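Read the structure below first, then the notes.
The figures here come from the full heavy-atom set of this structure, side chains too, leaving out hydrogens, waters and symmetry mates. Residue numbers begin at 1 in each chain, while the letters A, B, ... track the order of the sequences. This is a predicted model, so every value here is computed, not measured.
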Amino acid sequence: MGVLAQAFALVFDPYVLWVILASAAFGLFVGAVPGLTATMATALLVPVTFFMPPVPAIASIVTATAMAIFAGDIPSCLLRMPGTPASAAYTDEAYALTKKGEGELALGAGLVFSVIGGLFGTAVLIAAAPALAEVALKFSSFEYFWLVVLGLFSAVFLAHANPLKGIVSLLFGLLVSAIGLDNPAGFPRFTFGNAELAGGFTLIPIMIGMFAVSEIIRNIGSIDEPWEMAQTKIGNVFRGMWTLTKRYPMQALRGSVLGTAIGALPGAGADIAAWMSYAMSKRFSKEPEKFGTGHIEGIIEAGASNNSALAGAWIPALVFGIPGDSITAIVIGVLYIKGLNPGPTIFMNNAASIYAIFLVFILANLLMLPLGIAAIKCAKQMLRAPREVLMPVILLFCVVGSFAINNSIFGVVLMLAFGLVAYVMEENGFPVAPAILGMVLGAMLEENFISSMIKADGRIFAFFERPIAGSLGILALAVVSVPLLRRLYRAAR
Amino acid sequence: MPGQKFGPAWFPGLIAIGLAICGALLVRAGLRERAPLFAMPQWMQRQRPRRAVAMVLAGLVAYILLADALGFHITGVLILAVWMRALGASWRVTALVAVVATVVIHFAFYRVLRVPLPWGVLERWAF
């Protein structure tokens with residue numbers, strides 16, 4: 001029990017608790033303001049966490065994202081605008097409830113089932129990650145190669161309507177990861193003799209650009225559209241929650257399970273989990289005709305789902321270094337900076353820190369109850385925050401944050417360039433997540449491929465000879481071929 | 001690199017082939033739908049958002065070019081002011097927030113986090 005005691009000491013330290021509270025307030029605000037997302041909160045936190053010890057650094061990200069995903073439900077109810085993309089699936093439903101005079105119920109359900117989903121995802125994370133790590137200890141470069149391929153493929157093929165655009169996005173990310181000296185041959189690629197390029201691109205300014213700057217550009221493009229707030233009285237948000245829990249236990253459970261699973265799949269995170277859970281809830285509902293008219297059932301399922309996806313995404317991130325969503329794609333960089341290198345050995349080398357992170361997950365989800373009520377109470381004030389002041393200040397913060405990573409203006413250049421790229425990509429239906437995944441995993445993909453090839457002496461078949469590697473390989477190929485075959489089948493019919 | 005089957009050119013080469021194939025497929029899909037070659041987002045047609053986005057991009061470029069020479073503080077206040085005015089904040093709010101936000105960021109990053117923000121022309125008064 002020594003490790004657990006150490007973990008408790010790490011978390012229940014006044015400084016860490018202060019960081020958790022501050023990041024909770026930050027996360028609630030960012031989540032509640034439409035146009036500021038949970039991923040953006042993470043990207044903005046990184047430059048600040050850069051200078052913290054490992055546990056508070058990770059704790060701030062865990063807390064802020066959990067709070068932001070819940071708080072995204074608040075403007076859904078009041079403005080008919082999702083606070084984060086993870087609430088978009090049921091924004092119309094929540095707003096319809098508010099119009100019927102049941103805004104209190106919608107907000108309460110958003111909060112309570114966010115907590116339930118979050119705790120469920122955390123429980124799975126705590127149980128599954130160490131067990132998976134036990135298996136992963138035996139992995140060689142063959143298994144890692146296929147895991148990365150599986151992750152990249154599922155990001156492209158499972159999550160998006162247009163896989164072709166997903167592939168382009170992924171290839172773009174891989175290309176960016178190829179820049180610099182950091183490749184198995186140690187040969188400078190795409191550097192044009194430039195010292196900044198030889199070191200390769202630092203990912204954090206890129207992520208600040210892709211997740212924050214692009215979002216700000218989009219926001220400013222709609223600056224002359226005013227927000228109209230629905231009038232609703234909010235009293236006791238917990239009224240009726242017990243009845244709902246008794247009435248829809250299956251929905252809460254199904255949402256949590258699906259959410260955790262989608263979160264754990266690389267490339268798909270809380271927003272896709274919410275869409276899938278909402279659709280699932282409608283399909284299995286006894287009263288599907290009520291969906292869309294202000295029916296609470298879908299909000300329960302999808303609300304639990306998006307919060308459980310957050311924790312689920314940490315499973316592959318911690319065990320394999322493969323991010324489960326865009327947030328953990330940023331987190332992996334932070335883990336390396338803090339010396340908590342992800343991988344199966346993390347549970348042996350850094351056991352106390354990892355258990356401390358698990359504790360933070362539990363704590364953050366429990367804190368969501370009181371802080372969530374507070375956020376709902378002052379929602380109207382938060383939503384009145386003037387955008388014409390907020391956006392410029394956040395942008396200057398992005399600039400300084402991008403500069404701070406390497407103390408170099410080149411970081412700001414990267415931020416601006418990739419912010420523009422991400423904006424143009426999203427406007428044209430190219431998903432950004434595969435690009436991020438490609439940048440994070442590119443080096444790992446190439447390294448494991450080259451060392452496997454050297455071990456196998458160039459025989460492609462060796463990639464299927466080890467049992468786990470073979471199964472992962474077949475699974476990866478199935479992820480590509482099944483949607484393709486289904487499309488061909490539909491076209492033939 | 002000679003004598004090496006999987007050298008440094010192998011991985012980018014594969015990416016290039018993939019991009020070429022996907023590019024060709026996308027062009028074909030675009031031709032089939034008879035999509036326009038180029039389309040502007042809606043906000044481009046309205047004057048205020050168009051000016052605001054242009055100001056945001058110009059401000060970022062200006063920061064990149066000027067921060068070392070002018071220093072963070074002057075550049076920060078200036079671009080904040082330009083941005084807030086472009087987005088429609090009043091002069092009073094603009095002046096107040098531009099100065100306060102720059103000072104707060106200075107303390108948070110320069111003092112607490114020890115990021116060496118450039119002083120530029122204010123070097124002599126650096127503290």
Under 4.5 Å from any heavy atom of chain A - which part of B:Ile79: side chain
Interface residue of largest heavy-atom contact number with chain B, from A:Asn428, A:Val400, A:Ile167, under 4.5 Å: A:Val400
Residue, of A:Leu164, A:Leu416, A:Val412, that accumulates the most heavy atom pairs under 4.5 Å with chain B: A:Leu164
Among the listed options A:Ser177, A:Pro47, A:Pro392, A:Ser222, the residue most often paired with chain B at heavy-atom distances under 4.5 Å: A:Pro392
Ring centre gap for A:Phe449 and A:Phe463 strictly below 6.0 Å: yes
Winner by heavy-atom pair count (cut-off under 4.5 Å) against chain B, out of A:Val48, A:Leu170, A:Ile216, A:Leu395: A:Leu395
Largest heavy-atom contact set with chain B, pairs under 4.5 Å, which of A:Gly221, A:Ala404, A:Gly442, A:Ala178: A:Gly221
Side-chain heavy atoms of A:Met210 within contact of A:Glu215, under 4.5 Å: no
Chain B contact via A:Leu420 - which portion, at a heavy-atom distance below 4.5 Å: side chain
Heavy-atom closest pair, residues B:Asp68 and B:Pro118: OD1-CB, 3.8 Å
Per-residue contact mode, B:Val61 against chain A (heavy atom under 4.5 angstrom): both
Presence of salt bridge, A:Arg218 and A:Glu426, under 4.0 angstrom: yes
Partner chain B: residue of A:Phe172, A:Phe190, A:Phe403 with the largest heavy-atom pair count (under 4.5 Å): A:Phe403
Region of B:Ala52 in contact with chain A, defined by heavy-atom distances below 4.5 Å: both
Test: A:Arg189 and A:Glu446 ion pair at under 4.0 Å: yes
Approximate separation, where rounding is to 0.5 Å, of B:Thr75 OG1 and A:Leu396 CG: 9.5 Å
Contact class of B:Ile105 relative to chain A, heavy atoms under 4.5 angstrom: side chain
Proximal component of A:Leu445, with respect to chain B [non-hydrogen, under 4.5 Å]: side chain
Distance, nearest 0.5 Å, that separates CE of A:Met40 from OG of A:Ser214: 8.5 Å
Contact class of A:Val393 relative to chain B, heavy atoms under 4.5 angstrom: both
Flag side-chain contact, heavy atom, 4.5 Å: A:Leu171 against A:Val168: no
Segment of B:Val53 engaging chain A (4.5 angstrom heavy-atom cut-off): both
Point-to-point distance, once rounded to the nearest 0.5 Å, from CG of A:Leu414 to OG of A:Ser402: 8.5 Å
Under 4.5 Å from any heavy atom of chain A - which part of B:Ala89: both
Heavy-atom pairs under 4.5 Å with chain A, option from B:Val97, B:Leu26, B:Val56 with the top count: B:Leu26
Spacing of B:Ile74 atom CD1 and B:Leu122 atom CG [to the nearest 0.5 Å]: 4.0 Å
Side chain, backbone, both or neither of B:Leu117 within contact of chain A (heavy atoms, under 4.5 Å): both
Under 4.5 Å from any heavy atom of chain B - which part of A:Met415: side chain
Side-chain H-bond candidate by donor/acceptor type, A:Thr49 with A:Ser60, under 3.5 Å: no
Value rounded to 0.5 Å, distance of CG in A:Leu36 from CG in A:Leu44: 8.5 Å
Atom group of A:Phe397 that falls short of 4.5 Å from chain B, counting heavy atoms: both
